[in-house]
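When reading the values below, keep in mind they use all heavy atoms of this one structure, side chains included, and skip hydrogens, waters and symmetry mates. Numbers here simply count residues along the sequence, with the first being 1.
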Amino acid sequence: MSKMLKLPPAETYDIAVERDLKIPMSDGVILLADHYYPRTLGQRPTILIRSMYPDRTKGGYMGEIIAERGFQVVIVSGRGVCGSGGEMTPFMTEHEDGVAVLSWLKEQTWFDGCLGTLGQSYLGFTQWAIAYEGGSMLKAMSTQMTSSDLRSIVYPGNAFSLEVLLGWLSMIDSQEASMFRNLGNIILGGKRRKKIAWHLPLIDLDKVMTGKEYEFWRSWLIHDDPKDDWWAPGDHSHMISKVTAPNHMISGWHDFMLPSTIRDYNLLRKSGQEPYLTIGPWTHFDTEAFSMGINEALIWLRAHLLNDRKNLRDSPVRIFVMGSQEWREYPYWPPANIKYQHLYFQPSGGLSAKFPPVSEPDHYCYDPVNPTPSVGGFRSFGQGRPVLDNRFLEERTDVLTYTSDVLDYDMEIIGPVSSELFIRSTLENTDFFVRVCDVDPSGKSLNVCDGLLRLAPGRPNPAPDGIKKIKIELWPTAYCFQKGHRIRIQVSSGSFPRWNRNLGTYESLGTGMKMAIAEQLVYHDPHHPSAIILPTSEL
């Protein structure tokens, strides 16, 4: 398989492996690890990979292809998986366990004190968990399609990321089963999960899905308050400013962790670091992203651990601009030449740079019994393509649309996207979802980026007139709206099952079953100018 990937040339194919090495944790639990190394290259830097998946036990090709490029490789299986001891505790013990792994590494005669890390998703999170403790021996890292903070994965926009987390639960439950069952679950299980997502209460979905209870699933639902300190062991974002190891960060415009990746990038930049950043037109499980991620990580690690910089690109930031379908390079993100442009909602569904006139608000009802469905957007585990025609969604009575005039020039947006809405709801517990679409001359409406915000009592407080001003952070993007196209903004109150339905009541997230209909008003007048804020780029 290693020969199928686009990779830096191998230094050797003579690789040895030590299997099932025992690493003691601070509480006596034993984690298992495999050690790959080139037989004939002498002492080499070590690449550490820590995983909750069968990266160690099924195939081992990752260890081989990295070792072939001149490194020692240690792949560690996390608690409760693939032979390691202890109970499965995803995310929450990775810092403490990672520190124990670092202590063990320092005692190995073959370890030369020079360490690198790489990996995507969970394997990226485990890098952040030890990035500060790695200190001067951590020479480079490549965190890909990941987050340094667990809660931002579980609750984007403060709403539960139902589709992604159901898929992950299903994968974790079946990953050590037969290859046939595991692949069938990932590829064909989407329809079953979509049906199961309707079940209430949410806390029982683990049993409905797998036939057994998972403590982590129930804890995520119980601890839904963003201020709950239960999440602290899974949050490493506060240590990013102290991390000095060079990092090449990789993500995709349709990756559900993209906003977290951008946040971590910005924290590194703010602390004076110069990370690399690559963002392509990918979802979280895109095979092209996986291939490019390995290639870019090996180039990065060889540059910083082996002083081989011949394949390292000059520009730190490389992004794919959708619409124009081309790669661009910049010194940093977002680019320096962007200007933030407000496009204001207008009466009768218009969208314009002009301030809105005096007008009545638009109205719709959100009914959790018939929730606004997900159409495109970030997807997971075989749930379909990320970009789809939204016209049938826009015909629903619970979706508002605001559409610009036909563009007489190409218009690029590159950077963070947000929306300011002035709203009123009959319920304190409700959601607002905003999406940007590209409408082509045929009328096809293709989703570009979106975001959702969950409102709760006091979050935010209303103005004296009862109207709330809310700001929704959409997924950042790089997109070119072509001449002859139009820009369309959708406003609704859900995207199910990407996010769980907001039931509109005061019952707890995990056990709630009662439902209430939300009557929603969206204002667009001189005192309440609802708008989308786009990072326009000079062409």
Side-chain angles (χ1 to χ4, degrees), residues 120-121 124 143-147 152-153 156-157 161 163-164 248-266 275-293 296 315-330 332-335 338 374-381 383-390 410-419 433-438 440 445-452 472-482 485 487-490 495 498 532-537:
Q120 177 180 328
S121 194
T143 56
Q144 303 176 14
M145 295 190 171
T146 194
S147 170
S152 67
I153 302 171
S161 188
E163 181 180 87
V164 166
H248 187 165
M249 312 171 79
I250 298 174
S251 191
W253 297 125
H254 306 296
D255 177 24
F256 62 88
M257 294 193 199
L258 174 61
S260 297
T261 298
I262 295 294
R263 175 207 61 203
D264 295 343
Y265 169 85
N266 287 332
Y276 270 42
L277 178 67
T278 301
I279 307 177
W282 306 313
T283 63
H284 193 74
F285 296 96
D286 196 300
T287 54
E288 182 182 346
F290 175 75
S291 178
M292 180 175 284
E296 292 293 331
S315 298
V317 174
R318 186 170 187 256
I319 63 170
F320 186 84
V321 181
M322 299 175 290
S324 59
Q325 307 301 102
E326 62 183 8
W327 286 95
R328 302 269 185 83
E329 294 191 353
Y330 298 97
Y332 48 81
W333 170 272
I338 63 170
S374 303
V375 178
F378 64 73
R379 317 302 287 168
S380 66
F381 303 94
Q383 292 292 102
R385 292 181 290 117
V387 178
L388 296 172
D389 189 349
N390 278 235
D410 288 351
M411 178 179 174
E412 281 191 354
I413 58 173
I414 300 179
V417 180
S418 62
S419 178
F433 175 81
V434 175
R435 165 171 281 177
V436 179
C437 288
D438 178 2
D440 71 16
S445 181
L446 299 176
N447 53 288
V448 175
C449 63
D450 52 46
L452 180 143
I472 300 176
E473 301 291 343
L474 282 66
W475 260 233
T477 194
Y479 194 89
C480 180
F481 296 92
Q482 296 179 353
H485 290 218
I487 300 171
R488 177 170 292 162
I489 308 302
Q490 297 176 13
S495 181
R498 280 174 61 190
I532 191 76
I533 305 169
L534 300 177
T536 58
S537 175

For this session: Answer yes if the side chains of His485 and Asp440 hold a donor-acceptor pair under 3.5 Å, and no otherwise.
Result: no

Exercise. Which distance, rounded to the nearest 0.5 Å, do you find between the CD1 of Ile414 and the CD1 of Ile319?
Worked result: 5.0 Å

For this session: Evaluate the side-chain proximity of Arg263 to Ser147: yes if any heavy-atom separation is below 4.5 Å, no if none is.
Result: yes

For this session: Answer yes when Glu163 and Arg498 have at least one side-chain N-carboxylate O distance shorter than 4.0 Å, and no when they do not.
Result: no

For this session: Output the distance between atom OG (Ser251) and atom CH2 (Trp475), rounded to the nearest 0.5 Å.
Result: 10.5 Å

For this session: Answer whether the closest heavy-atom distance between the side chains of Leu258 and Phe378 falls below 4.5 Å.
Result: no

Problem set entry | Gap between atom CZ of Arg435 and atom OG of Ser445 - 0.5 Å precision | 8.5 Å

For this session: Check whether any side-chain heavy atom of Ile532 lies under 4.5 Å from a side-chain heavy atom of Val434, and answer yes or no.
Result: yes

Exercise. Out of Trp282, Tyr276, Phe290, which one pairs with Ile250 under the side chain to side chain contact (heavy atoms under 4.5 Å, CB included) rule?
Worked result: Trp282

Seminar exercise, completed: Separation between CG (Asn447) and CZ (Arg488), nearest 0.5 Å, reads 12.5 Å

Problem set entry | side chain to side chain donor-acceptor pair (under 3.5 Å) partners of Tyr479, counting only residues at least two apart | Asp438

Exercise. Distance-only, no hydrogens or angles: does the Thr261 side chain make a donor-acceptor pair with backbone N or O of Thr146 under 3.5 Å?
Worked result: yes

Seminar exercise, completed: dist Met145:CE -> Met257:CE (nearest 0.5 Å) comes out at 10.0 Å

Problem set entry | Separation of Ser419 OG from Ile533 CD1 (nearest 0.5 Å) | 7.0 Å

For this session: Would you mind reporting whether Pro416 and Pro334 have side-chain heavy atoms less than 4.5 Å apart?
Result: yes

For this session: Answer yes when Glu412 and Arg328 have at least one side-chain N-carboxylate O distance shorter than 4.0 Å, and no when they do not.
Result: yes

Seminar exercise, completed: Scanning both residues in full, the closest heavy-atom pair of Pro281 with His254 reads O-CD2, 4.1 Å

Problem set entry | Ile413 side chain near Phe481 side chain, heavy-atom distance below 4.5 Å | yes

For this session: Show the numbers, then the answer: is there a side-chain contact (heavy atoms from CB on, under 4.5 Å) between Val375 and Gln490?
Result: CA-CA 12 Å; Val375 178; Gln490 297 176 13; over 6 Å; no

Exercise. Between Gln120 (side chain) and His284 (backbone), is there a donor-acceptor pair under 3.5 Å?
Worked result: yes

Problem set entry | Flag, side chain of Glu326 to backbone of Val321, donor-acceptor distance under 3.5 Å | no

For this session: Measure the shortest side-chain to side-chain distance between Asp255 and Asp286 over non-hydrogen atoms and say whether it is less than 4.5 angstrom.
Result: no

Exercise. Hey, what's the ring geometry for Trp333 with Trp253, parallel, tilted or perpendicular (30° and 60° as the breaks)?
Worked result: tilted

Exercise. Below 4.5 Å, heavy atoms only, C-beta onward: do Leu534 and Met411 meet side chain to side chain?
Worked result: yes

Problem set entry | Passing candidate, side chain to side chain donor-acceptor pair (under 3.5 Å) with Thr278, options Glu329, Glu296, His248, Arg318 | His248

Exercise. What pair of heavy atoms forms the shortest contact from Pro535 to Val417, and how long is it?
Worked result: CD-CG2, 3.8 Å

Exercise. With a 4.5 Å limit on heavy-atom distance, are the side chains of Tyr265 and Ile279 in contact?
Worked result: no

Seminar exercise, completed: Tightest non-hydrogen contact, residues Gly376 and Leu388, listed as N-CD1, 3.4 Å

Problem set entry | Residue pair Asn390, Leu446: steps toward the side-chain contact (heavy atoms from CB on, under 4.5 Å) verdict | CA-CA 6 Å; Asn390 278 235; Leu446 299 176; 6.0 Å; no

